[in-house]
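Numbers restart at 1 for each chain; the letters A, B, ... are given by sequence-line order, proteins then strands. Just the heavy atoms: all of them, side chains too, but no hydrogens, waters or symmetry mates, feed the values below.
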Amino acid sequence: MMKRYDPKSIEPKWQQAWADQELYKAIDFDTDRPKFVMLTEFPYPSGDGLHMGHMREYTLGDVIARHKRMNGHNVLFPMGYDAFGLPTENYAIKHKIAPQVATDRNVANIQKQFDALGSSIDWTRSFRTTDPSYYKWTQWLFLQFFKHDMAYQAEVDINWCPFCKTGLANEEVVNGRHERCDTIVEKKTLNQWMLRITDYADRLIDGLQTVDYPSRIADQQINWIGRSKGAEVDFRLDDHDDSVTVFTTRPDTLYGATFIVLAPEHPLVEEITTEEQRAEVHSYVKATQAKTEIERQDANRDKTGVATGSHAINPVNGAKIPIWIADYVLMGYGTGAIMAVPAHDERDFEFAKKYELPIMRVIKNEAPDDACTHEEGRMINSGDYDDMPSAEARDKIVKDLEKKGVAKEKINYRLRDWIFSRQHYWGEPIPIIYCEHHGAVPVPDDQLPVTLPEVENYEPTDTGESPLAAITDWVNTTCPTCGGPAKRETDTMPNWAGSSWYYLRYYDAHNNKAFADPKKLEYWGEVDLYLGGMEHTTLHLLYSRFWHQFFYDQGLVPTPEPYHARRGQGIILAADGSKMSKSKGNVVNPTEIIEAGYGADAMRLAIVFLAPYDQTTPWSPEGVGGTHRFLARVWTLVHEYLATSPGKTEDTQLRTLLHKTTKKVTEDLHQMNFNTAISALMEMTNELYKLKAKDGFAAGASWKEALQGLLQLLAPFAPHIAEELWYELGNKQSIHTSEWPIFDETYLKSDTTTVVIQINGKVRGQLTVPTDSDETAVAKMAKKDDKIAEYIDGKEVVKTIYVANKLLSFVVRDER
RNA sequence: GCGCGGGUGGCGGAAUUGGUAUACGCGACGGACUUAAAAUCCGUUGGUUGAAUAAACCUUGUGGGUUCAAGUCCCACCCCGCGCACCA
């Protein structure tokens with residue numbers, strides 16, 4: 001009785017064996033093999049454990065890592081835990097345990113799940129961002145920002161999540177809601193630590209040219225940074241000895257500026273508002289402040305505004321134009337003031353119509369005269385610039401105004417500086433001490449890390465103060481500079497801090513003298529391939545590029561960019577096409593499927609076979625049954641081969657099949673077309689069954705070659721069964737250290753080929769001909785074919801097209 | 001509105017430079033095995049007409065075009081997903 005394929009009896013065995021042999025350990029300074037760093041995003045150890053998204057990401061990463069290893073690379077495929085942050089803190093508060101304890105628990109749980117996947121991760125380099133030995137260096141790196149004036153404090157209006165009770169970065173607010181908990185954010189003015197990411201706006205855009213990111217990722221980052229070139233123009237006030245500066249990307253429309261609009265928060269508002277308008281302006285400003293971000297940013301809302309009663313002078317033509325305030329102008333972008341050109345800007349147009357303000361067309365183009373158009377054209381009503389193409393006038397006007405000192409070129413960014421303070425316990429303490437005499441003083445290196453004190457109460461407060469503020473014996477300290485009484489910073493870092501540099505730590509995970517040895521940083525260099533979620537494009541991915549670019553400027557890292565190539569895996573949806581979510585109860589747990597008896601190999605295959613890796617696609621619950629069946633067929637075939645006494649002859653069909661499949665799988669792996677690689681393996685298996693049915697295992701030598709080849713091609717995807725059968729076939733070394741099969745072009749051609757015969761573009765038949773037959777031979781055969789002859793007889797063949805080994809096409813027409 | 005993807009059987013999805021559309025898998029149907037079921041194996045499976053595993057016609061979101069030949073190239077349009085969005 002033959003053994004049945006039973007993943008449970010082979011998978012844990014090999015997982016243990018691989019760990020014991022340290023099969024996947026990356027070697028520092030290995031000069032014999034090219035290095036390859038395969039990075040996937042590290043998980044957050046929440047109580048829910050690994051979900052389908054993790055499964056997809058880590059399986060893909062593992063497939064690539066295993067393939068690279070078999071191709072002779074020194075592969076670093078590491079993993080760690082990103083463990084600071086709100087979910088753990090909330091869990092800890094709810095269960096009345098310390099976040100440290102909650103993290104231990106969750107990590108242990110996830111580690112068990114990880115072990116069951118059969119990943120080739122080098123666990124010797126693992127760490128958690130919450131390890132003091134790790135966050136010591138997160139703090140040290142923060143201080144590098146501080147020492148170079150890249151971290152600063154400012155009293156700013158920030159987005160505040162009233163549910164999580166913390167300030168947020170702009171990147172964490174989606175449609176006016178906190179991306180984690182969906183609570184509508186509020187504005188709060190707090191003294192915050194900020195990082196000058198805007199200093200790197202250009203570098204973050206330009207650096208994209210030197211890396212290999214898909215355009216949707218690069219475009220999204222460029223979009224988010226939002227660089228726009230324009231000019232700042234000063235408008236003198238008519239009745240005050242002052243001026244207002246506006247930002248515009250269309251200085252060519254300056255002659256069409258018929259009013260000015262200030263943001264309600266603009267500092268000039270109070271000064272310029274006339275007595276008659278004061279009451280109205282005040283109530284408008286108050287009403288604006290009462291609005292939520294969602295209300296304020298709704299572009300479909302009717303525009304509202306109030307005149308200040310004051311006027312400004314247009315520097316190009318001396319026109320006296322009214323100054324209004326309106327909440328569609330944002331204080332946080334540009335100068336908080338705009339020149340309104342209703343003829344050439346939709347928003348200004350809408351506003352002008354509503355309040356009956358003048359509209360003046362200054363560019364002539366195909367749009368009707370009374371329409372609003374932002375298209376280019378020729379200048380009109382613009383003095384000396386009349387008749388000039390608008391694109392040309394755009395630069396000329398600024399240059400001319402620059403000479404008069406009332407304008408200058410200016411580039412603005414949508415990107416804002418990164419709000420870096422969080423009013424929570426479970427994060428890295430910001431290593432700053434406040435001294436009455438010396439202000440904000442960095443904690444000296446030899447006193448790092450500033451560890452989190454153990455406390456009774458982790459609950460965040462409503463006041464905007466971190467719970468750490470209540471731990472007075474921790475807060476009160478001495479000034480490192482003068483030794484006088486001083487207080488610690490009580491805010492912590494956002495959970496994005498630890499993940500902004502973690503890849504570098506894998507290069508030297510246990511170093512306590514530096515965040516990593518420069519020689520190791522030099523050896524491993526850029527991450528070769530970084531796989532992660534699309535949702536991190538403008539969060540983690542952008543943040544970590546910023547940190548890295550800054551480190552590069554400080555000489556701390558050897559490469560200008562952290563990641564050579566980035567790929568984003570698609571989301572796996574529930575079977576009905578909706579998002580998997582706990583609240584909907586439609587979450588599919590990969591670990592449960594593995595444990596149900598399908599095994600990790602079938603699960604890995606199912607996920608990779610489902611769709612192209614970067615495509616969002618619904619989970620198909622029956623798919624894993626299909627891949628399990630496929631693996632069982634491979635299992636059975638090998639065992640049938642072993643149970644017979646195979647002959648010794650060779651067979652060219654088997655060899656061609658193997659080399660064709662090797663070519664296909666190899667190319668698919670390079671292009672990350674994993675789903676079609678699996679289908680090629682399935683096709684090969686189906687073919688092998690057909691050949692076996694026909695001739696049995698007579699051609700034993702070729703069979704062994706074909707089966708071993710099949711297992712090697714399968715090894716990156718289904719490592720356990722490949723290893724088991726590989727040993728059963730008599731091999732003495734792991735399949736995962738074997739050399740990836742190479743294909744030989746000379747074996748790819750079979751003796752005969754099928755050529756399709758077309759008449760007037762329609763397929764009318766096919767012929768099996770010797771490979772590489774020439775046109776005349778094939779045409780002759782085709783014409784002998786009864787069916788083809790029927791189509792040709794009595795007609796004139798006007799043209800014949802022949803594509804070798806593919807098709808022969810006759811163009812015929814009736815003879816007259 | 002702007003940017004980026006995408007629309008192919010009942011479903012997930014295949015289709016080098018334009019060259020047999022629907023590979024592979026799922027599901028479904030029929031059969032074998034079984035007391036029965038599960039598992040497994042074999043066969044069928046885009047649509048219409050047809051007794052047919054004869055033949056013909058139709059079919060890759062819609063409408064045009066180029067070509068011997070179009071899922072693929074060109075023009076116009078419709079729909080879906082993702083990201084950004086009163087950013088001047």
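Among the protein residues, A:K303 comes within range of the nucleic acid bases, having at least one heavy atom under 4.0 Å from a base atom. Residue-level contact check: A:V329 touches the bases, meaning some heavy atom is under 4.0 Å from a base atom. The residue A:L610 sits close only to the backbone: its heavy atoms come under 4.0 Å of sugar-phosphate atoms, none of a base. The residue A:Q220 sits close only to the backbone: its heavy atoms come under 4.0 Å of sugar-phosphate atoms, none of a base. Across all strands, A:G334 comes closer than 4.0 Å to no nucleic acid atom at all (heavy-atom distances). As judged by a 4.0 angstrom heavy-atom cut-off over every strand, A:Q615 is placed among residues touching the sugar-phosphate backbone only. At the heavy-atom level, A:N223 lies under 4.0 Å from base atoms of the strands shown. At a threshold of 4.0 angstrom between heavy atoms, the contacts of A:R416 include nucleobase atoms, whether or not backbone atoms are also involved. Looking at heavy-atom distances under 4.0 Å, A:Q766 makes contact with a base. Residue A:S228 is in sugar-phosphate contact alone, with no base atom involved, counting any heavy-atom pair closer than 4.0 Å across all strands shown. Across all strands, A:N412 comes closer than 4.0 Å to no nucleic acid atom at all (heavy-atom distances). In this structure, A:D348 reaches neither bases nor backbone, as no heavy-atom distance under 4.0 Å exists between it and the strands shown. As judged by a 4.0 angstrom heavy-atom cut-off over every strand, A:Y613 is placed among residues making no nucleic acid contact. Nucleic acid contact class of A:S620 (heavy atoms, under 4.0 Å, all strands): none.
The interatomic distance linking A:Y213 (OH) with B:G83 (P) rounds to 20 Å, in whole Å. Between the P atom of B:C26 and the OH atom of A:Y598 lies a distance of 11 Å, rounded to the nearest Å. Between A:L415 atom CG and B:C84 atom P the separation is 14 Å, expressed in whole Å. Rounded to an integer number of Å, the gap from A:E622 CD to B:C11 P is 14 Å. If you measure from atom NZ of A:K660 to atom C1' of B:U16, you get 15 Å, rounded to the nearest angstrom. When rounded to the nearest whole Å, the span between CZ of A:R629 and C1' of B:G27 equals 10 Å. B:U67 atom C1' lies 13 Å from atom CG of A:N760, rounded to whole Å. Distance A:L807 CG to B:A70 P: 12 Å, rounded to the nearest Å.
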*Apply the test side chain to side chain contact (heavy atoms under 4.5 Å, CB included) to residues A:N675 and A:Q615: give CA-CA distance (whole Å), side-chain angles for both, the deciding distance (0.1 Å), then the verdict.*
CA-CA 11 Å; A:N675 57 328; A:Q615 194 168 305; over 6 Å; no
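B:G19 and B:C74 are spaced 15 Å apart, taking the P atom of each and rounding to whole Å. With both ends at atom C1', the span from B:C11 to B:C86 equals 43 Å, rounded to whole Å. A distance of about 10 Å separates the P atoms of B:A28 and B:A39, rounded to the whole Å. B:U48 sits 40 Å from B:G83 when the P atoms are compared, rounded to a whole Å. Look at the P atom in both B:G7 and B:G12: the space between them is 12 Å, to the nearest Å.
With both pairing distances under 3.5 Å, B:C11 is matched to B:G25 as a Watson-Crick or G-U wobble pair. Under the Watson-Crick and G-U wobble criteria, each requiring two contacts below 3.5 Å, nucleotide B:A54 is left unpaired. In this structure, B:U66 forms no base pair with any nucleotide, since neither Watson-Crick nor G-U wobble geometry is met with both distances under 3.5 Å. Nucleotide B:G81: paired with B:C4 (Watson-Crick or G-U wobble, both distances less than 3.5 Å). Remark: B:U17 base-pairs with no nucleotide in the shown strands. Criterion, Watson-Crick or G-U wobble with two distances under 3.5 Å. Nucleotide B:U40 forms a pair with B:A32, judged by Watson-Crick or G-U wobble geometry with both contacts under 3.5 Å.
Which of B:G19, B:A39, B:C26 sits closest to the side chain of A:V803 comes down to B:G19. Taking only side-chain atoms of A:W224, from C-beta outward, the nucleotide of B:C24, B:C86, B:C84 with the closest atom is B:C84. For A:T754, the side-chain atoms get nearest to B:U20 when compared with the rest of B:U20, B:A23, B:C4. Closest to the A:F609 side chain, of the nucleotides B:A88, B:A56, B:G12, is B:G12. Residue A:A611 places its side chain closer to B:G12 than to any other of B:C58, B:G12, B:C4. Distance from the side chain of A:R414 is smallest for B:C84 among the nucleotides B:C84, B:C4, B:U20. Listed nucleotides B:G12, B:G25, B:C57 differ in distance to A:R764; the shortest reach to its side chain belongs to B:C57. Candidate nucleotides B:G25, B:U20, B:U17 were compared by shortest atom distance to the side chain of A:K806, and B:U17 ranks first. Distances were taken from every side-chain heavy atom of A:R633 (C-beta onward) to each of B:G12, B:C41, B:C68; the shortest belongs to B:C41. Side-chain proximity of A:Q758 to B:U20, B:A88, B:G25: nearest is B:U20.
At most 12 heavy atoms of other shown residues, nucleotides or ligands fall within 6.0 angstrom of atom NZ in A:K579. Applying the 6.0 Å contact sphere to NZ of A:K408 captures no more than 12 heavy atoms from other residues, nucleotides or ligands. No more than 12 heavy atoms of other residues, nucleotides or ligands lie within 6.0 Å of NZ in A:K353, so this atom counts as exposed by the packing criterion.
The stretch residues 245-257 of chain A touches RNA chain B through A:F247, A:T248, A:T249, each having a heavy atom within less than 4.0 Å of the strand.
At least one donor-acceptor pair under 3.5 Å links the side chain of A:R250 to the backbone N or O of A:H374. A donor-acceptor pair under 3.5 Å links the side-chain atoms of A:T258 to the main chain of A:P358, judged by distance alone. A donor-acceptor distance shorter than 3.5 angstrom exists from the side chain of A:Y355 to the backbone of A:G305, with no hydrogens or angles considered. Using a distance-only test at 3.5 Å, with no hydrogens or angles considered, no donor-acceptor pair links the side chain of A:K749 to the main chain of A:T771.
In terms of phosphate contacts, A:N686 brings a side-chain nitrogen or oxygen within less than 4.0 Å of OP1 or OP2 of B:G25. For B:C58, one of the phosphate oxygens OP1 or OP2 lies less than 4.0 angstrom from a side-chain nitrogen or oxygen of A:K762. Checking the phosphate oxygens (OP1, OP2) of B:A88, a side-chain nitrogen or oxygen of A:Y333 falls inside 4.0 Å. For B:A14, the OP1/OP2 oxygens have a side-chain nitrogen or oxygen of A:N675 closer than 4.0 Å.
Ring-centre distance between A:Y5 and A:H639: not below the 6.0 Å cut-off.
With a glycosidic angle more than 90° from 0, B:G61 adopts the anti conformation.
Ring geometry for A:H540 against A:H536 counts as perpendicular: the plane angle is over 60°, on a 0 to 90° scale with 30° as the lower cut. Between A:Y613 and A:F674, the two ring planes are perpendicular [angle over 60°; tilted spans 30° to 60°].
Nearest-nucleotide assignment on RNA chain B puts the 5′-proximal partner with A:T617, out of A:T627 and A:T617. Nucleotides of RNA chain B nearest to A:G226 and A:P612 differ in position, and the one nearer the 5' end is that of A:P612.
At least one side-chain heavy atom of A:R633 sits under 4.5 Å from a side-chain heavy atom of A:N686.
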